[in-house]
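Below, chains carry the letters A, B, ... as their sequence lines are ordered, and counting in each starts from 1.
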Protein chains: 2
Amino acid sequence: MINERLEAIKKFYHRHKRLPSYSEMLQLFTLSSKNAVFKIVQKCIGLGFIKKEGNKLAPTSKFFALPLVGLVKAGFPILAEENRDYLTLDEYLIEDPQSSFLLKVSGDSLIGLGIFDGDIVIIHKKHQALSGDVVLAQIDTEWTLKILKKDGVKAYLESANPKYPPFFPKQDLQIFGVVKAVVRKFN
Amino acid sequence: MINERLEAIKKFYHRHKRLPSYSEMLQLFTLSSKNAVFKIVQKCIGLGFIKKEGNKLAPTSKFFALPLVGLVKAGFPILAEENRDYLTLDEYLIEDPQSSFLLKVSGDSLIGLGIFDGDIVIIHKKHQALSGDVVLAQIDTEWTLKILKKDGVKAYLESANPKYPPFFPKQDLQIFGVVKAVVRKFN
DNA sequence: CAGTATAGTAAACAAATGTTCACTCTGTCA
DNA sequence: TGACAGAGTGAACATTTGTTTACTATACTG
């Protein structure tokens, strides 16, 4: 009962990007008393899907998040419902939304890292990086996505594909960002 | 000017999971007239970051989304600001949130597909799948994540790693979901 | 220099918000 | 049979919402 109501609220949220007001919930649930809605909301708060600041409603992260389960070791039983973790991909993958952007990968130079042609990588804008980081860089005016290597003072770029040799900058190697995550959709 | 205000609203949103009300924006911007806020909101609507239904505010997808850029072909110039696309990872990756969950991968049996140990896959709950789909299945009571193959009527599971042989079910092969996407965080 | 946007203040407004109280109608369980 | 909790109605409430109007100060522009 309460679950169907929650589903309805979630659907509303995904359509409107905001929680419904009490009077909108009246219609959602086809009820006719705001007090009924009030009690339902209290229940959702009790379940941890919604929170209240003053008297403004907001979803919690449990509200959007998907359950995260796991297979134990060699891989048999599924984790119990109890120890479930919840995860929002945006929050999980993008730590600093203000200075991040997405980049569609082309080419097979990073297949060794499991970054394929067509994948999307999340790039954090910054001009420094560590040896071993996957970076978006400009090497002698060419933009590329490669592994940064620092050999003492000299820095160069390496692929994760034996097909390609390392790239040593003739003049300039400028770093624009570091790859924080990859994402790939199937089909 | 307006951009700083937008950033402030975004920060508020990420903290509270909702847009601030006009009086909250008064404090956010340290203004003292609601009309000033009103005009700022109108501007944000004009820019396409916020929308209004009746007189309730809601963010648009442009509001959360990160810019998606791309490297052309062999990989030199970055796409111009103009033809920017915006993407929310949750929306992009999870088509049916109601019947999806996340699974943490263990093992190296799918490295050929770029799915590594520790990656997170998005699984869509369903009991049918096509040959070639990566599925979460129960084969003779063992849970596993493999590639489904259909050889005429017979179905079996295959790895994406030459180390492992195909698995033919002795009795039972039951499908619980299909992998729709993979996600990997670096570091 | 005059003219005109732009950014802000201040006050007043109807409409909508979430909350509360008292009450009814089930169905369940002892 | 009676008690009781759960789910809903209906009305009243103070607050807060977003909007509007009129007016001021600043800064840019031709």
Side-chain angles (χ1 to χ4, degrees), chain A residues 1-65 81-82 86 88 98, chain B residues 1-65 81-82 86 88 98:
Chain A
M1 194 64 186
I2 183 69
N3 277 314
E4 300 156 28
R5 263 77 192 264
L6 239 174
E7 291 308 312
I9 296 176
K10 283 185 185 176
K11 271 184 192 167
F12 186 101
Y13 191 93
H14 284 110
R15 248 202 314 284
H16 297 85
K17 306 287 179 200
R18 62 174 176 85
L19 289 180
S21 70
Y22 281 29
S23 26
E24 284 168 324
M25 290 192 211
L26 275 185
Q27 300 177 10
L28 260 187
F29 308 146
T30 51
L31 293 175
S32 53
S33 169
K34 282 209 279 180
N35 185 25
V37 171
F38 179 78
K39 290 174 184 170
I40 290 168
V41 169
Q42 293 302 329
K43 215 161 275 180
C44 292
I45 293 173
L47 293 171
F49 289 97
I50 291 179
K51 66 184 169 186
K52 208 179 279 186
E53 304 168 341
N55 56 9
K56 299 189 70 65
L57 297 177
T60 62
S61 48
K62 193 175 179 182
F63 182 86
F64 325 91
E81 300 261 331
E82 344 301 329
Y86 286 85
T88 317
Q98 314 282 358
Chain B
M1 194 67 185
I2 182 69
N3 277 314
E4 300 156 30
R5 263 76 191 267
L6 239 173
E7 292 308 311
I9 297 176
K10 283 186 184 175
K11 271 184 192 165
F12 185 100
Y13 191 94
H14 284 110
R15 248 202 314 283
H16 297 84
K17 307 286 179 199
R18 61 175 177 85
L19 289 180
S21 71
Y22 281 30
S23 27
E24 284 168 325
M25 290 192 212
L26 274 185
Q27 299 177 13
L28 260 187
F29 308 146
T30 50
L31 293 174
S32 54
S33 170
K34 281 210 280 180
N35 185 24
V37 171
F38 180 77
K39 289 174 183 170
I40 290 169
V41 169
Q42 293 301 329
K43 215 160 274 177
C44 292
I45 293 174
L47 294 171
F49 289 96
I50 291 179
K51 65 185 171 185
K52 208 179 279 187
E53 304 168 342
N55 55 10
K56 298 188 72 64
L57 297 176
T60 62
S61 48
K62 192 175 179 182
F63 181 86
F64 325 91
E81 300 262 331
E82 344 300 328
Y86 288 84
T88 317
Q98 314 283 358

K.L.:
May I have the distance from A:Met25 (atom CE) to C:dT17 (atom C1'), rounded to whole angstrom?
P.N.:
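After rounding, the gap between these two atoms is 12 Å.
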K.L.:
Has B:Tyr22 got a side-chain N or O lying under 4.0 Å from the OP1 or OP2 atom of D:dT19?
P.N.:
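Result: yes.
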K.L.:
Quick one: the side chain of B:Ser33 and the base of C:dA10, do they pair up donor-acceptor inside 3.5 Å?
P.N.:
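Looking at the base of C:dA10, it does pair with a donor or acceptor on the side chain of B:Ser33 (distance under 3.5 Å).
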K.L.:
From CZ of A:Phe29 over to P of D:dT9, roughly how many Å is that when rounded to an integer?
P.N.:
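Computing the A:Phe29:CZ to D:dT9:P distance gives 12 Å.
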K.L.:
OP1 or OP2 of D:dT17 versus the side-chain N and O atoms of B:Ser23: is any pair under 4.0 Å?
P.N.:
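For D:dT17, OP1 or OP2 has a side-chain N or O of B:Ser23 closer than 4.0 Å.
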K.L.:
Can you tell me if NZ on B:Lys52 sees more than 12 non-hydrogen neighbours from other groups inside 6.0 Å?
P.N.:
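Yes, the 6.0 Å shell around NZ holds more than 12 heavy atoms from other groups.
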K.L.:
Under 4.0 Å between a side-chain N/O of A:Lys34 and OP1 or OP2 of D:dT9, yes or no?
P.N.:
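Looking at the OP1 and OP2 atoms of D:dT9, neither is under 4.0 Å from any side-chain N or O of A:Lys34.
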K.L.:
Expressed in angstrom and rounded to an integer, what is the separation of B:Asn55 atom CG from C:dC13 atom C1'?
P.N.:
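B:Asn55 atom CG is separated from C:dC13 atom C1' by 13 Å.
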K.L.:
Can you measure A:Leu26 atom CG to C:dT19 atom P for me and round it to whole angstrom units?
P.N.:
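These atoms are roughly 14 Å apart.
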K.L.:
Quick one: B:Lys43 NZ to D:dG18 P, roughly how many Å, whole number?
P.N.:
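So the NZ-P distance, B:Lys43 to D:dG18, works out to 19 Å.
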K.L.:
Hey, are A:Arg18 and A:Glu24 close enough for a salt bridge, meaning a charged N less than 4.0 Å from a carboxylate O?
P.N.:
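Yes, this pair counts.
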K.L.:
Among B:Val41, B:Ile40, B:Leu31, find the one that has a side-chain contact (heavy atoms from CB on, under 4.5 Å) with B:Met25.
P.N.:
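Exactly one pass, corresponding to B:Val41.
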K.L.:
Between the main-chain N or O of A:Gly48 and the side-chain N or O of A:Thr60, is there a donor-acceptor pair closer than 3.5 Å?
P.N.:
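Yes, the answer is positive, given that a donor and an acceptor are paired below the 3.5 Å cut-off.
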K.L.:
Taking 4.0 Å as the cut-off, does a side-chain nitrogen or oxygen of B:Ser21 come that near to OP1 or OP2 on D:dT16?
P.N.:
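Checking B:Ser21 against D:dT16: no side-chain N or O falls below 4.0 Å of OP1 or OP2.
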K.L.:
Hey, which of these two, B:Lys56 or B:Lys39, hits DNA chain D nearer its 5' end, going by closest nucleotide?
P.N.:
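Its nearest nucleotide lies further toward 5', so the answer is B:Lys56.
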K.L.:
Working to the nearest 0.5 Å, report the span between CZ of B:Phe12 and CD of B:Gln27.
P.N.:
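That separation rounds to 9.0 Å.
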K.L.:
Do any side-chain nitrogens or oxygens of A:Lys52 fall under 4.0 Å of OP1 or OP2 in C:dT19?
P.N.:
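So the side-chain polar atoms of A:Lys52 do come within 4.0 Å of the phosphate oxygens OP1 or OP2 of C:dT19, strictly under.
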K.L.:
Between C1' on C:dT24 and CG on A:Leu31, what's the gap in Å once rounded to a whole number?
P.N.:
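In whole Å, C:dT24 C1' lies 15 Å from A:Leu31 CG.
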K.L.:
Measure from CG on B:Leu19 to P on D:dT17 and round the result to the nearest Å.
P.N.:
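Going from B:Leu19 (CG) to D:dT17 (P), I get 13 Å.
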K.L.:
Quick one: is B:Arg5 getting a side-chain N or O under 4.0 Å of the C:dA7 phosphate, OP1 or OP2?
P.N.:
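Looking at the OP1 and OP2 atoms of C:dA7, neither is under 4.0 Å from any side-chain N or O of B:Arg5.
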K.L.:
For the side chain of B:Asn35 and the base of D:dT21, is some donor closer than 3.5 Å to an acceptor across the two?
P.N.:
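Yes, a donor-acceptor pair under 3.5 Å.
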K.L.:
Once you round it to whole Å, what is the distance between C1' of C:dA16 and CG of A:Leu57?
P.N.:
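Computing the A:Leu57:CG to C:dA16:C1' distance gives 14 Å.
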K.L.:
Both B:Val41 and A:Ile40 contact DNA chain D. Which one's nearest nucleotide lies toward the 5' end?
P.N.:
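Taking each residue's closest nucleotide, the earlier one in sequence belongs to A:Ile40.
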